[in-house]
Amino acid sequence: MLGLMQEWPLLCHKILDHAGIQHPHREIVSRSVEGPIVRTTYAELRGRALKVAQRLEKEGYKRGDRIATLAWNTARHIEAWYGIMGIGAVYHTLNPRLFPEQIVWIMNNAEDKALFVDLTFLPLVEKIAALVPTLRQVIVMTDAAHMPQTSLRNAVPYEEWLAEADGDFRWKALDESEAAGMCYTSGTTGEPKGVVYSHRSNVLHAMMACMPDAMGISSRDVILPVVPMFHANAWGIAQSAPMIGAKLVMPGGRMDGASIYELLDTEKVSFTAAVPTVWLMLLQHLEETGKKLPYLKKVVIGGSACPRMMAKKFQDNYDVEVVHAWGMTEMSPLGSLCTMKPDYAGLEGEARLDIEEKQGHAPFGVEMIVTDDHNRPQPWDGKTFGRLKVRGPAVARAYYGGAGKEQFDEEGWFDTGDVAHIDPNGYMQITDRAKDVIKSGGEWISTIELENLAVSHPDVAEAAVIGVRHSKWDERPLLVVVRKPGREPGKADILGFMKDKVAKWWLPDDVAFVDEIPHTATGKIQKTTLRKQFSDYRLPTDETERLPDRETL
Ligand code: ADP
């Protein structure tokens, strides 16, 4: 017997229709790439997205065509996304922080037919466009007055291009399983892999994100997604914010502490989300200027581990709730959020911070297990770590073109490549990436835990831990440190500080001081480069003759 309820396909444009009808006057404020702050509303944004769709259709773009965007977080970028999805085409976000040759590789792999680009990245596109034979058109997200001279023959200014449409258009009737968007993982190991979101997965993910124990956002919120739309879908905010009618504040290309503070303050932002590096810059700005955060209620921190001192400063000094979150491009991207279940809700001070160091629990729509190398599920004891695997309606079931098959098993589990443990209350904690974990004498050492501890030393600006070949133990940890300006902590200071806080055999064998730690395009520590840099490093604890390092084997 079938249910007798309506078939109402979960299509992304329904989100924008809802925002336009239920929250027509709610604002979207953007720091434009041209400079000034510009304001629009959900009703206007919906109207312009319909024009984008109409215009794309007129140009001959069809269902399933991949249409790339190389752009900052602005209202224009959102309306382009919805316009693309509204004809059944597929928005494909490109990360401008990748090397040009990686962008070319990704565009060719996706066979992008058109590209929406911000002025900032036009010089880059001029260099690479000829290397992407499928690319028919470049739409420059500005108006004729700001349109620069360009060597591209097929470039048009967005506003004039859009003005040719009257907006009298109906979204295409699509199947909810059709592709809506595409994003490549940054490929810090091997070739980038394409993740293809469907309308259904985007809508379900947005609903999941809004739930009180996930992001917990509502129409009363003013949301500033600092996390870029080109990095894992801005954590779904371009869909979850219109779904609930929150005001959106889009930071454009300026993400330094002072610029972000200005928006937080003038627009009275209540909710924001970004990777830890962004929050380090903001906290530094606040400390230098003595400013406060009177309007901000909640900050979601993820993408890499939220250092304990960061959570503490937001909560103790600025009265802002921190939600530590974990996810990945393949999960649309949210996987877990560290909001407090009743058992932990009463905790305060250090005990609360202990929990907030965890990446949190899975919302409805994410199933999670941890297995050993033989695929056996591990107990939820908060100690036993293993490979973290996930399933759900917004989790990838394959990569585009069939890459990375080994990460998917026949029971539908996706191997995240992360190493984690889960506690009896369901709180997951990442201890490492599988490829970074240090195997010392057959036991695993978590580099993330050591890094978190090292950065809580008052003189340490940034820290990374890598495994260095050791003739007796296979690998031992080396701590690489960037000192804070004007501070001169020595090896003994730092190891002395860490000594009583971790198991003795976890303590790094040595500390190397550097001016800079290499980062990936998404702001994470680039351990492959670091391991290469230290491939000849000899630990003072290693007394026998050296074997070749694992990177050079
Ligand atoms: P990439 O790093 O390739 O750009 P993603 O942005 O999708 O890809 O990153 C996903 C990875 O980032 C996760 O698999 C995990 O290793 C790491 N990550 C995300 N959030 C956290 C977090 N809160 N703590 C630790 N690691 C995290």
Side-chain angles (χ1 to χ4, degrees), residues 93-99 102 106 181-195 197 205 214-215 227-236 273-279 299-308 310-311 322-339 355-362 366 368 370 385 387-390 394-396 399 403-404 407 414-422 427-437 446-452 455 464-465 518-529:
T93 45
L94 296 168
N95 184 341
R97 294 178 186 142
L98 294 173
F99 292 116
Q102 282 175 307
I106 288 173
M182 205 168 175
C183 183
Y184 280 70
T185 61
S186 61
T188 37
T189 53
E191 301 289 15
K193 286 175 280 195
V195 178
Y197 309 108
H205 178 267
M215 287 195 176
V227 54
M229 291 165 73
F230 59 72
H231 183 202
N233 267 323
W235 302 351
V275 295
T277 343
V278 167
W279 301 129
V299 51
V300 180
I301 305 180
S304 46
C306 169
R308 190 181 178 96
M310 184 173 283
V322 166
V323 177
H324 189 189
W326 165 84
M328 57 200 310
T329 305
E330 292 87 336
M331 300 184 74
S332 300
L334 293 179
S336 68
L337 297 107
C338 196
T339 51
I355 303 302
E356 286 170 343
E357 266 185 326
K358 297 174 189 274
Q359 279 72 9
H361 52 98
V366 177
M368 214 174 243
V370 164
F385 48 80
R387 294 180 159 276
L388 178 62
K389 296 178 181 168
V390 292
V395 177
Y399 288 109
Q407 278 176 265
F414 166 69
D415 186 337
T416 62
D418 285 330
V419 174
H421 53 65
I422 305 180
Y427 283 63
M428 182 275 289
Q429 183 158 9
I430 302 277
T431 56
D432 238 314
R433 279 199 155 187
K435 58 187 188 301
D436 294 338
V437 74
S446 153
T447 62
I448 294 188
E449 210 166 300
L450 291 173
E451 286 159 6
N452 282 344
V455 290
V465 174
H519 289 98
T520 67
T522 48
K524 291 168 203 182
I525 294 173
Q526 197 157 35
K527 295 225 173 147
T528 40
T529 313

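Indexing begins at 1, ligand by ligand and atom by atom, following the structure's order.
- Residue Gln359 approaches ligand 1 through these ligand atoms, each under 4.0 Å from one of its heavy atoms: 22 (C), 23 (N), 24 (N), 25 (C).
- Close approach of ligand 1 to Ala325 (heavy-atom distance below 4.0 Å) involves ligand atoms 20 (N), 22 (C), 23 (N).
- At a cut-off of 3.5 Å, with distance as the only test, no side-chain donor of Tyr184 or Gln102 sits close to an acceptor on the other residue.
- Side-chain polar atoms of Thr339 and His361 form a donor-acceptor pair below 3.5 angstrom.
- Of the polar atoms of Lys524, at least one N or O is found under 3.5 Å from an N or O of ligand 1, judged by distance alone.
- At least one heavy atom of Ser304 sits less than 4.0 Å from an atom of ligand 1.
- There is no side-chain donor-acceptor pair under 3.5 Å between Thr447 and Asp436.
- With atom 20 (N) of ligand 1 as the reference point, the heavy atom nearest to it among Cys338, Ala420, Ala232, Gly303 is part of Gly303.
- Here the closest heavy-atom approach between residue Cys183 and residue Ala232 is recorded as SG-N, 4.1 Å.
- Which parts of ligand 1 touch His231 is read off a 4.0 Å heavy-atom cut-off, strictly below it: atoms 6 (O).
- At least one N or O atom of Ala305, backbone or side chain, sits closer than 3.5 Å to an N or O atom of ligand 1.
- Put simply, the side chain of Gln359 reaches to within 4.5 Å of the side chain of His324, judged on heavy atoms.
- Under the side-chain hydrogen bond (donor to acceptor under 3.5 Å, both in side chains) criterion, Gln429 pairs with no residue, sequence neighbours left out.
- For the ligand labelled ligand 1, residue Pro333 lies outside the 4.0 Å heavy-atom shell.
- At a 4.0 Å cut-off, not a single heavy atom of Gly417 sits close enough to ligand 1 to count as contact.
- Between the choices Thr329, Leu337, Val195, the shortest heavy-atom distance to atom 7 (O) of ligand 1 belongs to Thr329.
- Near Met328, meaning under 4.0 Å from one of its heavy atoms, ligand 1 places the atoms 7 (O), 10 (C), 14 (O).
- When all heavy atoms are compared, the tightest approach of Met182 to Tyr197 is N-CD1, 4.2 Å.
- A search for side-chain hydrogen bond (donor to acceptor under 3.5 Å, both in side chains) contacts involving Arg387 returns Asp415, not counting sequence neighbours.
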